[in-house]
Amino acid sequence: MIFLIYMKSIKQEIIDSIIEQTGLPEEYVCACLEKSARPEWGDYSLACFRLSKTLGKSPDTIAKEIASRIKSTDLIEKVQPVTGYVNIFLSSTKLVEIALKEGIQIPDYGNGKRIVIDYSSPNIAKPFSIGHLRSTVIGNALSKIYTELGYKCIGINFLGDWGVQFGHILDGIKREDDSVLTVDMTKPSDQQPLITFVNKKTGRDLNKYYVISTSANDPAGREWAREVFGMLESGDDRIRCFWEIARKKSIEEFDHIYELLGINFHTDDNRYGGESEITPADINNAVAEMDKKGLTRISDGALIVDLERYGMPTCLLRKSDGATLYAARDVAAAIARYNTYKFSKMLYVVGADQKLHFRQVFKVLELMGYSWAKDCVHIDFGLVRFKSDQGREKMSTRRGTTILLEDVLNEAIKRSQALMKERVPEMADKVSPSEASEVARAVGIGAVIFNDLKNKRIKDVDFNWEQILTFDGETGPYLQYTHTRLDSLIRKYDTAKGLSRPEPDYKLLTASEEISIIKEMIQFPDIVKQSADEYEPSILSNYLLNLAGLFNRYYQIHRIISDDENLSSTRICLVARLKEVLKKGMGFLGITPLEKM
RNA sequence: GCCCCCGUAGCUCAAUUGGAUAGAGCAACGGAUUUCUAAUCCGUAGGUUGUGUGUUCGACUCACACCGGGGGUGCCA
């Protein structure tokens with residue numbers, strides 16, 4: 001297994017060398033060895049300040065002593081003590097060889113362990129707003145990253161398909177066209193006009209009825225919607241039939257958006273679920289179990305779990321009218337999922353406004369005695385707000401400040417098409433119309449996705465058309481552009497006439513720009529691991545931007561394909577390896593890498 | 001009121017988890033194309049890291065207080 005030596009990270013190899021040669025404790029070396037902040041300080045630096053007190057010597061002296069004990073190897077070229085740091089310089093030729101010979105490999109950390117990821121989760125009937133983009137793209141990225149690290153990911157799109165919002169659709173229909181619904185809902189024969197009516201509607205139409213109902217802001221309408229939902233909950237077949245159609249229509253609508261985003265929720269490992277999956281019996285069993293374990297109490301007629309001693313407000317399970325609440329349903333859902341999947345981890349990719357809710361749910365699961373409660377993680381992210389002239393506000397359907405995700409995606413595609421015409425007019429001759437539209441999609445959608453993934457999750461975002469449609473600088477199109485550049489070089493090299501193609505000679509890569517690329521490339525596995533450990537796709541995003549930047553600078557200065565056939569072959573090898581990394585990384589983020597744009 | 005999160009260049013964000021001289025992009029200005037795709041690249045300018053105190057060899061990072069913004073907080077999800 002030759003590749004095993006490459007599987008061990010460079011850093012680990014250095015740590016091992018240092019421990020072996022200096023006898024320093026492993027914890028210390030691991031904690032104090034870091035990547036050097038500047039090239040003139042080498043590749044890795046060991047800070048010696050912490051040893052100063054215990055050894056009673058100055059950091060400077062310690063650094064000198066340690067440095068003198070580390071011998072050079074084929075990897076460690078030079079060791080230099082500087083003001084309390086031991087700076088370690090690695091052999092460029094060795095690094096080039098490591099990066100180019102086998103390519104960059106990502107070790108298997110997961111060993112097939114299961115991770116359930118609850119993400120996207122829009123509500124049936126409610127508009128699919130830009131706010132849902134975050135959960136969708138973050139969840140998708142984490143799923144791909146963990147899969148690459150050897151985990152088995154199960155994505156669940158936990159639809160909000162069970163609640164009064166469904167009754168509001170009917171109320172909206174009634175308000176708009178009451179001929180369809182003047183009927184007595186209790187008579188099956190009168191249902192047919194409604195069914196025919198709804199069958200002709202799209203998911204977006206149904207959203208419209210929801211909005212009509214809620215924006216009417218009529219107490220009677222709300223009451224009626226509640227009644228309808230009550231009938232659904234009590235298992236009324238006729239309402240159930242309508243519910244099924246409405247759900248199907250909504251999913252068709254969602255599918256269209258997910259298709260644009262390149263996500264498919266009709267597979268075994270990535271599927272639609274929903275609150276409707278959790279039966280009243282599931283919830284009642286969970287609540288009964290809490291009762292039995294003495295966790296619950298009645299307070300003002302409501303069933304609660306008192307979490308005061310854990311520094312949290314009480315968790316409400318059941319309303320005084322007997323109806324169960326969100327928290328009870330999520331506890332029941334978590335138990336059902338554990339029983340089905342026996343996950344090693346479950347991630348809830350849900351906005352930061354639900355932080356308390358998940359803390360409560362996880363705490364209740366823990367109190368119920370489920371040891372896996374500690375493996376449930378709320379992947380929270382900042383809210384999207386709408387910035388108007390009056391200032392910031394939460395998006396509101398009623399105020400008309402909701403921005404539909406589909407509109408944003410279509411706008412991005414349009415913009416990408418326009419730019420293509422403007423900046424690459426000859427593209428029309430080179431590719432077919434269908435290819436061109438795929439390019440426009442990948443670039444436009446990639447821009448929107450990347451825009452969302454490039455910042456730390458927790459940051460709130462002000463929705464801004466200009467920003468989301470920017471294609472210059474640190475953006476998705478920048479990565480795309482770099483990727484097509486790499487691909488174009490490879491294509492050109494492969495098809496060049498009269499060129500001998502010798503084996504790459506790694507010693508030829510000596511330019512500082514190409515060494516920088518190599519050094520950055522070999523960080524890829526660590527970056528992917530770190531993104532997973534911190535549930536933070538932005539770490540990968542920023543890394544890819546930096547990597548692309550290094551290449552674009554290099555490209556500007558150096559000729560890749562030249563008369564020097566040995567050098568060309570070696571540089572193309574670098575280009576090909578780099579392309580593999582960029583392509584993989586973009587794929588993890590949910591961006592489709594292009595060959596031409 | 002209480003709890004949680006955020007505050008870094010005009011704007012949007014980084015900063016190897018407490019390390020050496022705080023870095024990018026956008027916007028502005030100046031430059032690079034008979035050239036492997038200029039959706040690129042180079043340069044100039046831009047900072048008392050919200051404020052204050054503390055912890056220590058060292059603080060954007062940790063603690064406390066305050067200021068500003070956001071979110072949550074017993075019958076929505």
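Just so it is clear, the values below take in all heavy atoms, side chains as well, and ignore hydrogens, waters and symmetry mates.
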> When we call it a touch if two heavy atoms are under 4.0 Å apart, what does A:Asp300 touch: a base, just sugar-phosphate, or nothing?
Replying inline: base
> Using a cut-off of 4.0 Å between protein heavy atoms and nucleotide atoms, how would you tag nucleotides 35-45 of chain B 5' to 3' with B, S and -?
Replying inline: -BBSBBSS---
> From B:rG74, B:rA14, B:rG70, pick the nucleotide closest to the side chain of A:Asp460?
Replying inline: B:rG70
> B:rG43 and B:rG7: how far apart are their P atoms, nearest whole angstrom?
Replying inline: 29 Å
>> Exactly one of A:Arg553, A:Arg571, A:Arg577 should register a salt bridge (Lys or Arg N to Asp or Glu O under 4.0 Å) with A:Glu514. Which one does?
In response: A:Arg571
> Going by the angle between their ring planes, with limits at 30° and 60°, are A:Trp162 and A:Phe229 parallel, tilted or perpendicular?
Replying inline: perpendicular
> Of the residues in residues 35-54 of chain A, which ones touch RNA chain B at a heavy-atom distance under 4.0 Å?
Replying inline: A:Lys35, A:Ala37, A:Arg38, A:Trp41, A:Ser45, A:Phe49, A:Lys53
> Which listed nucleotide (B:rC75, B:rU73, B:rA15) is nearest to the side chain of A:Lys456?
Replying inline: B:rA15
>> Students often get this wrong, so: under 4.0 angstrom with heavy atoms, is A:Glu275 touching a base, only sugar-phosphate, or nothing?
In response: sugar-phosphate
>> Does A:Gln530 reach a base, just sugar-phosphate, or nothing at all? Heavy atoms under 4.0 Å.
In response: base
>> Whether A:Arg485 engages the ring of A:Phe551 as a cation-pi pair (distance to the six-membered ring centre under 6.0 angstrom, angle to the ring normal within 45°) should be assessed.
In response: no
>> Any base atoms under 4.0 Å from A:Asn87, or only sugar-phosphate, or nothing? Heavy atoms, all strands.
In response: base
> Under 4.0 Å between a side-chain N/O of A:Lys459 and OP1 or OP2 of B:rC5, yes or no?
Replying inline: no
